[in-house]
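The figures that follow rest on heavy atoms only: side chains count, while hydrogens, waters and symmetry mates do not.
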Amino acid sequence: MKVAVVHALTKVSDIVWELPPSYKEGMRVPARIFATERLIREMDEAVFEQISNVATLPGIARCAMCMPDGHSGYGFPIGGVAAMDIARGGVISPGGIGFDINCGMRLVVTNLTWEEVQPHLKRLVDLLYLRVPAGVGSTGFLRLSRPEFRAVLEEGAHWCVRHGYGWHEDLELTEENGRIEGADPDAVSERAIDRGIKQIGTLGSGNHYLEIQVVRPEHIYDRKVAEKFGITIPNQVVVMFHCGSRGFGHQVTSDYLQVFLRVMESKYGIRILDRELASAPFDSPEGQRYFAAMKTALNVSFANRQVILHRIREVFSEVFGRSAEDLGMHMVYDVAHNTAKLERHLVDGQQRQLLVHRKGSTRAFGPGLPGLPERYRDTGQPVIIGGSMETGSYLLVGVPGGGESFFSTAHGSGRTMSRARARRLWRGQTLQQEMETHGVYVRTASWSGLAEEAGGAYKKIDDVVEATELAGLSRRVVRFTPVGNVKG
DNA sequence: ATGTAC
């Protein structure tokens, strides 16, 4: 079955695979998958069905795309990229953004070496586990009034920095400067606010984590760009974390899926192959209202990562008895995985205004693109790719030729099996011990959650990153080795 | 991903 599906793919090149519009009735454009042959054989067959379903959506420009770490998700595959031409009836689709709106990665460096950190590693991880609440339903230390939370929805990370949770420079190192314009708190349900108001500064569960990592000297692939990104000393210690908008984004998504399902066919005549692809025209009242609500969730997520960064700086400061400034704890960047953003891109020789859905995909702007921080204008955008907790992670950079994928790349390893299967194959307690003997000290909020995230349940991060490089989506700068992990 | 079902 799987082989049959693979045979329906046209091999465009060693790294680009295509399902033509003739593959399925209703496809408006081809579906393209960026992957090596090995990775494409590992993909669950649902990816091929899902990405070809996406190619049927109104207004889709050029082609529906799936990144090398693609796996099946709600409606769209995780790893899916779809750009909708808004002047040509383009839609907005919550399934193309994901339930965890603006789930993303943040990377912060230190001026500490592994030799300096090693004696304190367990204390660091134990304290981080206490100060950054993890797990389903976890709540944070911030107690916000409803008016204050509404300000967070509009201001994102700006609200945090205004209240002392972070440095001003953190904002310029976050996509959209940590505050996307056009977020409307009135487009959000009271239930979403109830769920989100106590969750700022919390990690969550699933594949969300906080990791202490080391840069081995042999893992620097572009020394010049690495230095621009703040990787400057041998065996430098960095902190990377992955989390999103928690129950708030989940509720916003649930609310608008219901709205879209109600009006999609009756009011707008949109017929889809899968209910999970519920969509509305971007220019419709429903589409605009969801767009404004989604932006509040983007801001919630930026704020969440901002407060977590503040807590990380506090913990390091406490353990090493020096200020975070003195420890050189500067941000490298903050990337969003689950978004839809208005961007201008070249399609068939014309600059078009597109709503670019990236679901489990990282924006990877090449040098000179608008929206990049001044300091990265000549290098291109830092791309933070988190691998599984056992294997390692990468820092990459956007490339000038990235326009092929609307400047999008992979976001992580990508699962190779279900969470249920991983729970059958591994036990959390045993895995924790094994990881410790392999040099990674891990604390978790849930043993079964830890088992689900075993390295063996994911594709090899080195293969995924190699594929993004071969496909011209982004370029390697540094590889990180994990030494400590707080797992949701 | 998620007060893992309203």
Rounded distance (Å) that lies between atom C1' of B:dT2 and atom CD of A:Glu276: 15 Å
Length of the CG-P vector between A:Leu257 and B:dC6, whole Å: 13 Å
Parallel, tilted or perpendicular: ring planes of A:Trp159 versus A:His163, cut at 30 and 60 degrees: parallel
A:Ile212: which of A:Phe480, A:Phe241, A:Phe316 passes side-chain contact (heavy atoms from CB on, under 4.5 Å): A:Phe316
Touch class at under 4.0 angstrom, heavy-atom based, for A:Gly206 against every strand present: sugar-phosphate
Nucleotide B:dT2, atom P - distance to CG of A:Asn338 in whole Å: 11 Å
Length of the NE2-C1' vector between A:His208 and B:dT4, whole Å: 14 Å
Side-chain N,O (A:Ser205) to OP1/OP2 (B:dT2) below 4.0 Å: yes
For atom CZ of A:Arg191 and atom P of B:dA5, their distance in whole Å: 14 Å
Smallest separation among heavy atoms of A:Lys487 and A:His208, with atom names: NZ-O, 3.4 Å
Gap between atoms NE2 and P, on A:His250 and B:dA5 respectively (whole Å): 10 Å
A:Arg421, CZ: over 12 other non-hydrogen atoms inside 6.0 angstrom: no
Residue whose nearest DNA chain B nucleotide is more 5′ - A:Gly244 or A:Gln258: A:Gly244
Nearest-angstrom distance from the residue atom CD of A:Gln251 to P of B:dA5: 14 Å
For atom CZ of A:Phe99 and atom P of B:dT4, their distance in whole Å: 13 Å
